Amino acid sequence: MPPSLNLSQWWAKEACRGTPVVVTVENPSYSVVEIDGPEVAAFQSMDKGRGKNAKQFTWVMLLKAHRVVGCVAWLAAGLWALLGAIKKRLISRRGVAVESDKLGKGKLLFRFLRGFLVLSLVMLVFEMIAYWNGWHFQKPNLHIPENLHIPETTEIRGWIHSAYLSWLSFRADHITYPIQALSNFCIILFIIQSADRMILCLGCFWIKFKKIKPRIEGDPFNSDEEEGSKYEYPMVLIQIPMCNEREVYEQSISAVCHIDWPKDRLLVQVLDDSDDETIKILIKAEVSKWSQRGVNIVYRHRLVRTGYKAGNLKSAMSCEYVKDYEFVAIFDADFQPNPDFLKRTIPHFKGNPELGLVQARWSFVNKDENLLTRLQNINLCFHFEVEQQVNGVFLNFFGFNGTAGVWRIKALENSGGWLERTTVEDMDIAVRAHLSGWKFIFLNDVKVPCELPESYEAYRKQQHRWHSGPMHLFRLCLPAIITSKISIWKKANLILLFFLLRKLILPFYSFTLFCVILPLTMFVPEAELPVWVICYVPVLMSFLNILPAPRSFPFIVPYLLFENTMSVTKFNAMVSGLFKLGSSYEWVVTKKAGRSSESDLLAAAEMESKPVNDPELLRGVSESELMELNKLKEQEKEPLPPVKKANKIYKKELALALLLLTGAARSLLSAQGIHFYFLLFQGLSFLLVGLDLIGEQMS
C-alpha cells in the first residue's frame with residue numbers, strides 16, 4: 001500500500017526550523033547560504049542526484065515515448081490490416097472461396113456452433129441490459145447467496161427485470177450443475193493428458209542424460225577389415241508411392257537413386273498412381289533417365305486405383321521378384337534421403353531377428369517459410385524427439401510414420417501385409433506387427449528432409465486424415481488387441497494411451513473445454529473455470545512442447561492459441577472416424593511446393609552429366625510419349641499465364657471466433673481479467689484462421 005500523507009506532521013516539521021548556519025566564503029562568486037538543520041540530509045541527497053541533467057532526462061523520456069508510439073502504431077496497423085482483410089474476404093468476397101461442406105461432413109458441428117453463437121449473442125444483449133440497469137452482480141456462487149439482494153415484487157420495474165430474475169434462478173438451479181460436471185470431467189482428462197506429456201518429457205530427459213540410443217557395433221562397412229568379416233549387403237527394395245506429384249517427383253527419384261548401396265542389391269520401385277497423363281509421362285521419362293544411368297529402377301502404374309496408398313503398396317509387394325529381397329524402405333514423394341541412409345539403418349537388423357522396423361526422423365526444408373510451417377515444426381519436433389524416441393527406447397513400439405522407414409519384409413508378411421481398410425495404413429501395419437511380437441527402433445539422429453504443408457487448406461486436410469484414421473482403426477483393431485497374446489500392460493498401453501488418451505481424449509477435451517465450456521461459463525458464471533486451467537498449465541505444456549525446438553520459443557503464445565484453434569478440425573475428424581461418418585475414409589493428397597535444401601540442389605547439379613532430352617536416356621519411352629515430353633519441355637520455357645487461386649473462408653472457425661469474442665465481451669461485465677484476455681486472443685486466432693490469413697496467401 002502507498003504511504004498515507006499526514007499533513008499535520010508535515011506542517012509541524014515546517015514550523016520547527018533548525019538553527020541557521022552562516023557560511024562565509026572568501027571567494028566572491030559565492031554568497032552567504034543559510035541551511036536549515038533538518039533539511040541538510042535532503043539537500044545532500046539532492047546534490048548527489050545532479051549527475052543526470054535535464055537534457056538527459058528529456059532524451060530518456062523521448063525514447064520511452066517513441067517506443068510507446070511505435071507499439072501503438074504497430075497495433076493500429078495490425079488492426080487496420082485485419083479490418084481490411086475482413087472487408088475484402090467477408091464483405092467484398094474478392095479472391096476467396098467459401099469452404100464447401102460435403103453431405104454430412106461437418107454439417108452437424110457447424111449447425112451446433114451457429115446455434116450456440118446465436119444463443120450467446122441473445123444472452124449478451126440480455127446481460128448488457130441488466131448491467132446497464134444495475135442488476136448485475138459481481139461474483140456469483142453455485143446457488144444464489146442469501147446476502148444477494150433480490151428485488152421484491154414491488155421493486156420490479158417491467159417484464160425485462162422480471163425475466164432477468166427468473167433467468168438467474170433457473171441458471172443457478174438447472175444449468176450450472178451439468179456445466180460444472182462436464183467442466184470437472186474435462187479438467188480431469190486435461191490433468192491426465194498433461195501428466196502423460198510430463199512423463200514423456202521426463203523419459204526424454206533421462207534418455208539425453210544417459211545418452212541412450214540404438215548403436216551399431218563396430219563399423220560393418222570398414223574396408224580395412226578381413227575379407228571374411230566384411231558386411232554382406234542384403235537385398236533392399238525401395239518404394240516411392242506417389243499420386244500427381246508433379247512438383248516433387250524429380251527430386252525424390254534423384255535422391256533415392258543417389259543412395260550409396262551396391263547396384264546389384266538394390267531395386268527402386270516408382271509406384272505412380274497419377275491420373276494425369278502429363279504427369280505420368282514426366283515420371284516415366286525420369287525413371288527411364290535413371291535406368292539408362294545404371295540404376296536398377298522400375299516404373300509401375302495401377303490400372304485399378306483402389307485403396308489409396310495401402311492399395312498401391314500392396315500391389316507392388318505382390319510382384320514375383322519381391323521374394324528375393326529382405327528389406328523394403330519406403331519414401332513419400334517429397335522425401336529426399338541422404339546417400340548414407342541405408343548404411344545407417346540396415347545394420348541395426350543384423351543379429352536382431354525380432355526387429356521388424358527401423359524408423360528415421362523427419363527434417364523440414366521449409367520450416368521457416370511462414371508462421372504455419374513454424375508452428376508445424378514445433379509439433380513434429382516434439383512428436384519425434386519425445387513421443388517416438390521415448391516409446392522406441394522403453395516400449396520398442398510406436399506408430400510407423402508411413403515414410404522414411406525400413407521394414408523387414410518377413411515382418412510385413414507375418415503381420416498380414418498392407419490392408420486397404422483405413423487411411424492410416426502405416427499405423428495399421430504397426431499395430432498388427434506389435435501384436436505379432438515384432439520390435440521397433442527409432443533413430444533420432446538419422447534425418448530425412450521433407451516438406452511441410454505451406455497452406456492452411458492443405459494442412460487442415462492432412463490433420464483431418466491423421467485424426468479420423470486412428471479412430472476408424474481403433475474400431476477395427478480393438479477385438480484383435482483384446483484377444484491377442486501380448487501382455488496385459490502392452491494391451492493397456494495400446495488401448496488406454498496409444499488410442500484413447502492421445503488420439504481421442506486430447507481433441508475431445510481441447511475442443512470441449514476451451515471452445516465450448518469456457519465461453520459458456522461467461523454466461524453461467526457460477527461454473528467458472530479456475531485460472532490454472534486456462535493459463536498456467538497450458539503455458540507449461542506449451543513450454544514443454546517447444547523444448548525440442550528451442551529456436552521457436554518466441555512463438556510460444558501463437559503456438560498455444562493455434563493448437564486450440566486446430567481443436568475444432570481434430571474434434572470433427574475424431575468424431576467422423578469414431579462413428580464411421582462419410583469423411584472418415586477420405587484421402588486428399590497433401591499439396592507440395594517442390595522445395596529442396598541447398599545441399600540437395602548442389603548434389604543434384606553435380607551429378608547431372610547429360611541433358612534430360614538425350615535420346616539415349618529416353619530409350620524406355622515410346623515415340624508418342626517422347627513427342628509429348630518434348631512438347632512439355634517447350635511449354636516450360638514459355639511463360640505460363642497465372643493460375644487463379646483463392647484463399648478459403650472456413651465457416652466453423654469464423655463461428656467459433658464470433659462465439660469467443662462474444663464471451664470476451666461478456667467477461668468484461670464480470671471484470672474477469674485472465675478470462676477476457678484468453679477469450680479475446682483466442683477469438684482473434686480463430687478469426688485469422690477462419691479468414692485463411694495464416695499460411696500461404698494467394699494473390
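We use all heavy atoms of the structure for the numbers below, so side chains are in, but hydrogens, waters and symmetry mates are not. On a predicted model such as this, the values are computed, not experimentally measured, just so you know.
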So, do M242 and S252 sit near enough that their side-chain heavy atoms are less than 4.5 Å apart?
yes
Contact between K570 and Q463 at the side-chain level, heavy atoms closer than 4.5 Å - yes or no?
yes
More than 12 foreign heavy atoms under 6.0 Å from NZ of K210: is that the case here?
no
So CD of Q193 and CG of L506: to nearest 0.5 Å the spacing works out to 4.5 Å
Got more than 12 heavy atoms from elsewhere within 6.0 Å of CZ, F394?
yes
Any donor-acceptor N or O pair under 3.5 Å, side chains Q388, N401:
yes
Taking the side chain as every heavy atom from C-beta outward, state whether P470 and F498 have any atom pair closer than 4.5 Å.
no
Check the orientation of Y321 and Y325. Use parallel for under 30°, tilted for 30 to 60°, and perpendicular for over 60°.
perpendicular
Hey, mind stepping through W466 and M427 against side-chain contact (heavy atoms from CB on, under 4.5 Å) and telling me if it holds?
CA-CA 10 Å; W466 285 5; M427 186 180 293; over 6 Å; no
If you count the non-hydrogen atoms of other residues, nucleotides and ligands that lie under 6.0 Å from CZ in F543, is the total more than 12?
no
Do the rings of F514 and F190 sit parallel, tilted or perpendicular, given the 30° and 60° boundaries?
perpendicular
Should the pair W362 and F384 be assigned to parallel (<30°), tilted (30 to 60°) or perpendicular (>60°) ring geometry?
tilted
Between C186 and F508, does the side-chain contact (heavy atoms from CB on, under 4.5 Å) criterion hold? Intermediate values first, please.
CA-CA 8 Å; C186 290; F508 169 76; 4.2 Å; yes
Would you compute the distance between atom CZ of R302 and atom CG of D272 and round it to the nearest 0.5 angstrom?
10.5 Å
Could you please spell out the steps behind the salt bridge (Lys or Arg N to Asp or Glu O under 4.0 Å) verdict for E326 and R265?
CA-CA 10 Å; E326 187 176 355; R265 308 195 72 79; over 6 Å; no
Which pairs pass ring pair (Phe, Tyr, Trp, His ring centres under 6.0 Å) with one or both residues in residues 473-493, sequence neighbours excluded?
F474-F499
Salt-bridge contact K208-E385 (side-chain N to carboxylate O under 4.0 Å):
yes
As a test of understanding, state which of L501, I187, I505, L496 forms a side chain to side chain contact (heavy atoms under 4.5 Å, CB included) with I192.
L501
Donor-acceptor side-chain pairing of Y308 and D273 below 3.5 angstrom:
no
Drop me the distance from I488's CD1 to N493's CG, to the nearest 0.5 angstrom.
13.0 Å
Are side-chain heavy atoms of V328 and Q269 found at a separation under 4.5 Å?
no
Check step by step if side-chain contact (heavy atoms from CB on, under 4.5 Å) holds for N545 and R197.
CA-CA 9 Å; N545 278 18; R197 185 144 299 192; 3.0 Å; yes
Within the distance-only criterion (no hydrogens, no angle test), does the side chain of K309 pair as donor or acceptor with the backbone N or O of G402 below 3.5 angstrom?
yes
Under 3.5 Å side-chain donor-acceptor pair for D275 and N244:
yes
Do other residues, nucleotides or ligands put more than 12 heavy atoms under 6.0 Å from K447 NZ?
no
Is a donor from one side chain sitting under 3.5 angstrom from an acceptor on the other, for R408 and N414?
no
Which word best sums up how the rings of F511 and F571 line up, parallel for under 30°, tilted for 30 to 60°, or perpendicular for over 60°?
parallel
Please identify which of these residues, K213, R361, K211, meets the salt bridge (charged side-chain N to carboxylate O under 4.0 Å, His left out) condition with D445.
K213
With ring centroids as reference points, do F440 and W407 lie under 6.0 angstrom apart?
yes
Should we say atom CZ of R421 is surrounded by more than 12 heavy atoms from elsewhere, each under 6.0 Å from it?
yes
Is a donor from one side chain sitting under 3.5 angstrom from an acceptor on the other, for N312 and Q239?
no
Within-4.5 Å side-chain heavy-atom neighbours: L267 and N296
yes
If you apply the rule side-chain contact (heavy atoms from CB on, under 4.5 Å), what do you find for L435 with L494, and how did you get there?
CA-CA 10 Å; L435 296 179; L494 268 178; 3.8 Å; yes
